[in-house]
Amino acid sequence: MESIVFWGFNLYAWITIATVLSMFTVLLFTKLRADLVFLGAISILFVTGVLDAKEAFSGFASTSVVIIGVLFVVVAGLTHTGVLQWIVKHLLGQPNSYSKAVVRLMLPVAALSSFLSNTTVVALFVGIVKMWSKKLNISPSKLLIPLSYASGMGGVCTLIGTPPNLIISGLYADKTGIAMNVLSTTIPGLFCLFIGVLSIIAMRKLLPDRKAPESAFESTGEYTVELQVPSDNPYIGQTLGEAGLFHIKGGSLIEIYHYDDVPTPISEDEPIMGGDHLVYAGQIDELLEMAKSHQLVSADHHVFSMSELDKSRQFRTAYVNFGSSLIGKTIGGSTFEKDTNLTLTAVARRGERINKAPREVELQAGDTLLFLCPKNVNVNTAALKDDLCFFDSAQVPNIGKKTLISTTIMILMVVLSALNVIPLLQCAFLAAMAMLIFKCCNVDQAMKAINWEILMVFAGSVVLGVAIQKTGIAERLAFGILDVCGSNPIVVMAAICFVGTFITEFISNTAAGAMFFPIMYQAAEKLGYEPYPFLIALMVSVSSSFATPIGSPTHMLVYGPGGYRFSDFMRIGLLMNLIILAANILIVNIIYPLTPLH
């Protein structure tokens, strides 16, 4: 089979190319779980003989994948002892200008993301930034994109800050037997962060000024509520106008349903019947007063006052994910509430209240939903996570002695690894054990913190990189890039990084790192240079996805809360991609001058 060559690639290479392209197509256009897609790709490469058993399962034994798994436990210890909350509380402050606010936000977020999961950091900061922006009188949409960008740029500042860095450094160690220092990317990362902060401030006009969806759910804002006319209501038989239910103070009637659940044209002369549903939009306090004075009750378990809540139930805010099965559907037309025990109370879209009964709204990606749910309901089930992203967690850890202990453990892990006293893998294991021994988290919390789906994706990414290199695809692509770009190493480095930055807008940055590692490595060797600087530049580039909300999980975390549109990221993100690319190539070649191979 290897003797069959077409366009310079043998049959095994074409199988690999077809598998990789199919895999990315499935990830982009379907809702299949990423770990299953990667497992399917590995299976195809193994069954077709592209990879032998050892190569097909090499990802599961990869040092970088094991480190990522152990770090989940370390992060669990930091999260459950309130380290993140303490940092947020003491770092943001009260800046007196937008420029200072951006600096006060982006620097601590980047610092945290250098050692912790970007997604964890951004999920924590989203609610904080929304409250903070009100105090500063700045639209949240002006700060949430910088929040997401800062987490990405901070992640590249250490090898443990983002998975692609661990994958690329692990592959480099496998190739050369030389382990990269945990702070290898620190100076390039900090320089790009500095340029990124300045760019955000300079391009602030490109950031949209949108109304936050949550403003529609505040007590001072407008609610859409659904009220019911009880069968013993004294106003039955009167018209809406006569009963004073048509023109109301602080709001308006937007729909009325009789017994047949079909909306009736709104008119002052419409008679009131027992069981009618009246949908109002307006100031919540005024609506409460009107409902009380007219003896109306909440309909279908809808609530419109925090004081009405059963103590065993609470409000939770969620955002509709891209690819959600709820898109284009109404909650009322599905079994969602029955299946999940969540009651939809209100819907907002890009900060605007929708003039429809909440259950009758056809949902779109990014819509903000307000649910009433039991306090003990698990909103992080696999089924719910595919459709909705919840943020307002009720679990607030106590800050105390264990906060200091977990912080000390984390600092020791980084310092001992950076000084090469103990290898990173051993450091991570020791830190995880210390978190458990000192009860910063318990065994159940540690096991729940390990994201097995992500580990499967990381392991699959490593295997894809092996296949791309083994079949000669990397070498052919490297030669192709050299043919186009010539023999100038900086031009070749910039070209591969540019393509990597573009690709990572659409696929996992981990997958992009594994896919481009062999290409960059081969290109550097063909030019006769040590691959190390090329790989440092690659680490930065595959984590620099700014132009689409699907380019990074953190972008999707801020998409709904910021009331953004898809194009909002492109307006500023395309320029950011080019600016950070230029900064990356410049600083890497200053810090790590190109060295000819001996």
Side-chain angles (χ1 to χ4, degrees), residues 66-93 104-105 107-129 131-132 147 150-151 154-155 157-163 166 182 314 316 375-376 378-380 390-418 422 424-452 454-455 553-554 557:
V66 176
I67 290 173
I68 293 168
V70 177
L71 286 177
F72 279 126
V73 178
V74 178
V75 171
L78 293 169
T79 303
H80 289 285
T81 55
V83 172
L84 304 185
Q85 287 81 355
W86 185 91
I87 292 171
V88 168
K89 181 179 177 181
H90 291 85
L91 286 183
L92 293 182
R104 291 291 290 268
L105 173 65
L107 293 186
V109 168
L112 285 172
S113 298
S114 296
F115 305 105
L116 306 176
S117 159
N118 299 358
T119 307
T120 300
V121 174
V122 172
L124 171 73
F125 269 81
V126 165
I128 303 296
V129 169
M131 292 186 288
W132 192 52
L147 164 65
S151 72
C157 291
T158 65
L159 291 190
I160 63 173
T162 187
L166 279 169
V182 71
Q314 62 182 351
R316 300 295 298 271
K375 285 188 176 181
N376 60 354
N378 181 11
V379 296
N380 293 314
F390 285 84
F391 292 103
D392 49 345
S393 175
Q395 296 179 352
V396 180
N398 294 320
I399 295 174
K401 183 174 68 174
K402 290 182 182 178
T403 308
L404 180 61
I405 293 173
S406 63
T407 304
T408 304
I409 292 170
M410 181 68 181
I411 292 172
L412 284 173
M413 183 189 82
V414 174
V415 171
L416 292 174
S417 175
I422 305 174
L424 178 56
L425 179 60
Q426 284 88 325
C427 276
F429 268 107
L430 289 173
M433 288 171 58
M435 290 291 185
L436 292 170
I437 291 169
F438 289 100
K439 297 183 179 180
C440 296
C441 62
N442 58 41
V443 175
D444 285 341
Q445 290 169 335
M447 292 305 295
K448 287 179 181 178
I450 299 174
N451 190 320
W452 300 102
I454 288 178
L455 289 180
T554 60
L557 286 179

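All values below were derived from every heavy atom in this structure, side-chain atoms included, with hydrogens, water molecules and symmetry-related copies excluded. We count residues from 1, following the sequence as given.
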Open item on the list: Do Val129 and Leu105 make a side-chain contact, defined as non-hydrogen atoms from C-beta onward lying under 4.5 Å apart?
Closed with: yes

Which donor-acceptor pairs under 3.5 Å do side chains of residues 433-442 form with protein atoms, sequence neighbours excluded?
| unit_1 | atom_1 | unit_2 | atom_2 | d |
| --- | --- | --- | --- | --- |
| Asn442 | OD1 | Asp444 | N | 3.1 |
| Asn442 | OD1 | Gln445 | N | 2.7 |

Open item on the list: As an exercise, state the distance from CG of Leu159 to OG of Ser114, rounded to the nearest 0.5 Å.
Closed with: 11.0 Å

Open item on the list: Minimum heavy-atom separation for Ala428 and Val70, please, with both atom names.
Closed with: O-CG1, 3.2 Å

Open item on the list: I need the Thr81 OG1 to Ile405 CD1 distance, nearest 0.5 Å.
Closed with: 9.0 Å

Open item on the list: Taking the side chain as everything from C-beta on, heavy atoms only, tell me whether Ile409 gets closer than 4.5 Å to Val74.
Closed with: no

TODO: Could I get the full list of side-chain hydrogen bond (donor to acceptor under 3.5 Å, both in side chains) partners for Thr158, not counting sequence neighbours?
DONE: none

TODO: To the nearest 0.5 angstrom, please state how far the CG atom of Leu425 sits from the CG atom of Leu430.
DONE: 9.5 Å

